[in-house]
Structure formats: structure tokens, C-alpha cells
Amino acid sequence: MSTRSLVFLLLLFGLSVHGKLLQAAPDILSLFSHATKSTGQKRWQMSGTADGSSFHTVTMAITNVPNAIARCEAMTVAIHTPGAQTFGKHLSLDEVHSNFVNTEATEKVESWLKKRGVSFKKRGDFVRITAPIRRIQQLFNAKFHVFRMMSTGQSIMRTPNYTLPTEIADSVDFVTNMVSFPPKLTAIAHDPPREEKRQSQQPGVTPALLSTFYNSEHPPHTLRNLRTVPLGQLIHPLATQAIFGALGQSFSPGDLNLFQYIYGVFLHPIDWIVGRNSPSTCRQKADDCIEASLDVQYILSISQGANTGFWSITTDSKDPFYDWIIEIARQPSPPLVHSISYGGIESDEPVENVLRFNTEACKLGLRGITIVVASGDDGVAGYNARNDYSKCGFTPEFPASCPYILSVGATQGPESGSIEVSQSSDIGGQITTGGGFSNAYSRPTWQAAAVGEFLNRHDSPFGLYNRNGRGYPDVAIMGHNYETIVGGKRKLLSGTSASAPVMAGMLTLINSRRLSLGKGPLGFVNPALYHLAQTSQITPFRDILSGNNHCTAGANDNKLVCCAEGFDAGRGWDPLTGLGSVDYYLLSTQLAAL
């Protein structure tokens, strides 16, 4: 963007900044983006001026030390690249803070707030304020209006711009919940409508099939004899994991128990819950429990007996991913593996949130934390293209496109006795594995060779995807027709949201194996996976050679949207199934040996 264009935008939105101009510019540019091309603001209509007595919460993102993401990437490569002298030497929370927290900036912001009598809560590198709108308007020279979502009547408060005073302008990257509109977030599991009799006759994925096909340990049919075994002998007590929950999704402990009994899985409950969970909902409104039930049942069907939590973000959250990572980052000992089966459109997210999320995910990796994310269910086009050919194109998903998470795509075939292929709705898969190239993140060094080989074999069709972007997914797992218990009834659910918790459970088992050997957890596992793909004499990855991701999710009928844009599966890494699906035994053995 030219200087003249930037000045025009700032004048257009009436920005008045007495401090560092570019500190407020990202939010102004986000407003411009939402106002002109994002589906985000189009869903909201201004309905009046905000009531000054209404309470509102904003979060100030304190500026990290200079070149924080570059420093974090260098440290990550050193800690997570096999063969490096510092491999596996993860940092504590205090050590991460000492490397990245800008103490001077934090003190300036806290002092500024205290002088004005403003109460706040510190969340690591973030400061959260809850106050009446009139007070927030005074602090940031803002003018809030009420906006309502036309389809649901939900309301939020937003301002066209805000000002950061000179004394803290260099200390704050941005303030959330001010300008940018909430992105549309979706749970990825699919339960297409079909007759119950027809559904009951279809073959499905079970814990036994996953164990057999992926060469896992502790096959479920043997676990009936293990129910009296002390947990410490089944899995290391420090090999912890958690499920991300949002959009009001709940699970029923009764459904989990019934699932484990029916499928011969070690009987073990969810150990702890952060946030809301309403088990009774699962019988009254099964759709509100589909995603959470799938997630908890299948992560525990793999990493059986592991200490497992359900971390639910309130439905009031305007950006669940951002709120989640802020809370995780401030925990002294968060779970080692996290599974996320939700996603949004990368371009709908505020630019500053996307970049800061990446930095926080990188810092979590330095502490030995692994984040596993479903790659999406609508091929390259994203969910906006369902039933709408005009929305076809290359539309990356977030947070699946983030470099510092493990992105997991989906396959199908083994559940019906066929070969494993890339999952696609045009061959009856009900969803199409998400994948592509980020427009927000550049390609990281650890996948440069693998993705480079793919690009050398493929021209950029239509010139519409970013050949320099982070390629995703990284790996893939079966995602079609998972047998799940919801409200006491069997359902067949599909999606990369099934693939993600299964992969997460495998990584927890590998963490357990490493911890039992006196080694550290995997942490940010991507560099190790790509290293194994390039160097292992016997690869732990099963290359998926058939399939495409041109279509969105949906039934294979005349209403299914299949776009011209998309990719086809091929040898090596591809933006459908990444490096491929996995042989758990080989993967576990090779990662444990590092």
C-alpha cells in the first residue's frame, strides 16, 4: 500500500493519534477491511449509540520485545530440530517471560491505568479492562455504537476508531473489542440429515479400527482386562491433554461412559472442566453436543487413561481463539497437548489478532506445548462457498493456517474396507479436507523443502493462491463416519474435527513414552515430523495419492458446490493431506528415539 493510500485511509476514518501513528493503524485498516470486503461486518447493522452505562471488556496487547516473532522462531528451530544441541530443552513460563515480556512497556501501561483509577486484570502480556462504555470512550477517545446481527439479533458495541495517547502508544500493539467485528466461527463436525435406519447400516470408524489401521498400542478389545490397572502403568501422569470447546458445545459424561463401555475403551472421565458444560443439553438438543462429544470420546479412545480437560470458551467471547490462547499462555503448567476442532476464515480475523496469535502459539511451543488444529471441511474455498459458487476461490482457514500449530486434514476409505484416499464430499465423504496456503503467514523454514517440491510440480492456477505462504495441513487421519454417542444414541459424524483429536491423542501417547524414558515432551512437533519425512529410512507417513479438495462440505448431489479452484493429491506433501496419514508405531518409535 502506498503512503498516499495509507494517509487517505487514515483521513477517511478520522483517526486522531497523538502518539505513534502505526500503533493504531492496524485496527483502522481492519475496519476498512471489514467495511469493504469481509463477510464479518456485513452480518452486522448499526442500530444506535451505545449506552454509556453499559459495561464492556477490552484487552490491551502489550508490545513484546523487538523482533519477538523472529527471536521465537530462532529459539523454536533450535529446540525442536532433531540433532540440534538444544533439542528438547524447553523453557519454563518464567524463562519465556524473561525473553519476551517488555517490562518497561507493561509498567507504562499499568501506571497509566492506575493514574486514571482504572481497575484491570493482568493476563501475561495482556491487560484486560471491564468498565462502563463512557469510561472506555474517555480512555481511548472513542465513540461506541450498537450493532446487531441481522440473522440472530445478537448485539455488540464497536467504535470506528480509537486513540492511544503518546505516553503508551509505543507500549501497546492494539486494543481488542474496539473496532474489528467478530469473525464467524464454526464447529467442524458434520452430522448430515439422513434416516436413522440408513445411518445405522453404514460402516463407521471405531476405536478398534483406528487402533488396527494406524498400528496403535492398547487395542480397545484388550482393554476390558486393563480396567483395574493403575493409571500410572497405562500412561504417564504428566502426559496431559485438553479439548478446546466453544459455541456453547457441551458433552455428557454419561455418553462418554457409554461410549467407552460399548467400544471396549478404558473407562476414564474428563478430569477437569474450565468454563461451561451442560450435559443435559445432549438429550434435549443433540446438535449442541455433536462436536464436544466427538472430541472427548475419540481423544480418550486413543490416549486412554490420560489426564484430560475440557476447556470451554464462553459464548460471550468475541474471539474465542484469542481469548483461549491468552488464558493458556498465562498458566504455569498448561496441558501438554491441545486439540481444536473449530475454525474460521483467515481474512475475517483482525490482522493484529492473527499475528499475535502466531507469536503466542510459538511461545507455547517453547514451553513444550503442542496445539493440534483441524484443517477445515470445505476444501480450498471455505464454508462461505457452501451453496454459493460466487464464493469459490482459495480461502485459507484460521487457526489451521498458523505456522506454530499442527494442522490435521482428513482421509476416508478404511471405514468401508477401501484404500485410504483424501476425504471429499464428491465421493461420499460428506466433507472435503481443508488445505491450501496462508495469506497471512509466510512459509516456515521447517516445511520449505517439502512444500517447495510440491510447488515445483504445480503452477499456481489462476494466480490466486500465495505460493510463499505457510502450506497446510501437515498430516491427515481418517475423518469419515465416526461412531459417536450423543444423547444416548449412536451417530455417524464426519470432519477434520474427528481427525484432530485422534492425532492429538497419538501425540499424548508419544509424550507419555518420552516422559517414561526421562525425556521432555514433543512441544512444537512440526520440525521433527518434516525431518522424519525427509530422513527416515522407513517413513512413518503413508502417502495419500488419490483425491482432490475442489468441493465444499455437503451431500454428493446436484446442490454440492465443486469449484474450479482446488488441488489434487500427489506424491509427497500436498495441501490436502500434508505428509500423509501415519503409522503410529513407527511414528512413536522414531519420535521417542529423538
Side-chain angles (χ1 to χ4, degrees), residues 6-63 109 112-113 116-121 126-150 153-169 171-184 316-320 322-323 326 348-356:
L6 178 58
V7 170
F8 172 74
L9 289 180
L10 298 179
L11 290 174
L12 176 65
F13 289 103
L15 178 65
S16 173
V17 180
H18 305 295
K20 186 178 179 182
L21 178 64
L22 293 181
Q23 290 298 325
D27 252 28
I28 298 304
L29 295 178
S30 289
L31 174 61
F32 176 76
S33 172
H34 280 288
T36 59
K37 62 183 178 182
S38 169
T39 59
Q41 189 176 351
K42 291 179 181 178
R43 298 182 293 125
W44 301 89
Q45 184 173 5
M46 189 168 72
S47 62
T49 303
D51 181 353
S53 63
S54 298
F55 277 77
H56 191 60
T57 299
V58 300
T59 301
M60 304 174 72
I62 307 300
T63 304
V109 172
W112 182 77
L113 291 170
R116 286 152 182 79
V118 179
S119 298
F120 60 88
K121 293 182 178 179
F126 303 86
V127 173
R128 184 164 293 172
I129 305 167
T130 299
I133 279 290
R134 66 169 62 92
R135 188 71 179 110
I136 293 176
Q137 290 182 151
Q138 292 169 353
L139 289 171
F140 300 107
N141 191 25
K143 182 65 175 179
F144 280 86
H145 294 85
V146 176
F147 291 81
R148 297 190 185 281
M149 184 180 288
M150 293 175 279
Q154 178 188 359
S155 64
I156 61 171
M157 293 179 285
R158 288 293 183 269
T159 177
N161 50 51
Y162 65 89
T163 299
L164 289 173
T166 304
E167 56 190 295
I168 63 167
S171 302
V172 179
D173 278 342
F174 55 89
V175 185
T176 68
N177 224 8
M178 296 283 284
V179 172
S180 301
F181 287 80
K184 183 179 179 182
D316 294 332
S317 173
K318 301 302 184 289
D319 195 332
Y322 200 66
D323 289 343
I326 289 175
D348 278 354
E349 286 280 343
V351 174
E352 63 272 20
N353 284 23
V354 169
L355 298 179
R356 190 60 180 264

Residues Ile168, Leu113; criterion side chain to side chain contact (heavy atoms under 4.5 Å, CB included); working and verdict
CA-CA 10 Å; Ile168 63 167; Leu113 291 170; over 6 Å; no

Stepwise side-chain hydrogen bond (donor to acceptor under 3.5 Å, both in side chains) check, Gln137 with Arg134:
CA-CA 5 Å; Gln137 290 182 151; Arg134 66 169 62 92; over 6 Å; no

Stepwise side-chain hydrogen bond (donor to acceptor under 3.5 Å, both in side chains) test for Thr63 and Ser171:
CA-CA 5 Å; Thr63 304; Ser171 302; 6.0 Å; no

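Put simply, the side chain of Met178 reaches to within 4.5 Å of the side chain of Ile136, judged on heavy atoms. Residues Val179 and Phe174 form no side-chain contact, since every pair of their non-hydrogen atoms from C-beta on lies 4.5 Å or further apart. Between Asp323 and Arg128, the closest side-chain pair of non-hydrogen atoms falls below 4.5 Å. Counting heavy atoms from C-beta on, the side chains of Phe181 and Asp348 never come closer than 4.5 Å. With contacts defined as side-chain heavy-atom distances shorter than 4.5 Å, the pair Met60/Phe140 qualifies. For the pair Val127 and Ile62, the minimum side-chain heavy-atom distance is below 4.5 Å. In this structure the side chain of Arg356 reaches within 4.5 angstrom of the side chain of Tyr322, judged on heavy atoms. By the 4.5 Å heavy-atom criterion applied to side chains, Thr176 and Asp319 are not counted as neighbours.
The shortest non-hydrogen separation linking Lys143 to Pro160 is O-CD, 3.4 Å. Closest approach of Val146 to Ser155, counting heavy atoms only: CG1-CB, 4.1 Å. Of all non-hydrogen atoms in Tyr162 and Ala142, the two that sit nearest each other are CB-CB, 4.3 Å. Of all the heavy atoms in Gly52 and Pro132, the pair that sits closest is O-CB, 3.5 Å. Of all the heavy atoms in Met157 and Phe55, the pair that sits closest is CE-O, 3.7 Å.
The neighbour count for Lys318 NZ, taken as heavy atoms of other residues, nucleotides or ligands under 6.0 Å away, is above 12.
Interatomic distance, CG of Asn177 versus CZ of Phe144, reported as 7.5 Å (0.5 Å rounding). The distance from atom CD1 of Ile133 to atom OG1 of Thr49, rounded to the nearest 0.5 Å, is 11.5 Å. In this structure, NE2 in His145 is found 8.0 Å from OG1 in Thr159, a value given to the nearest 0.5 Å.
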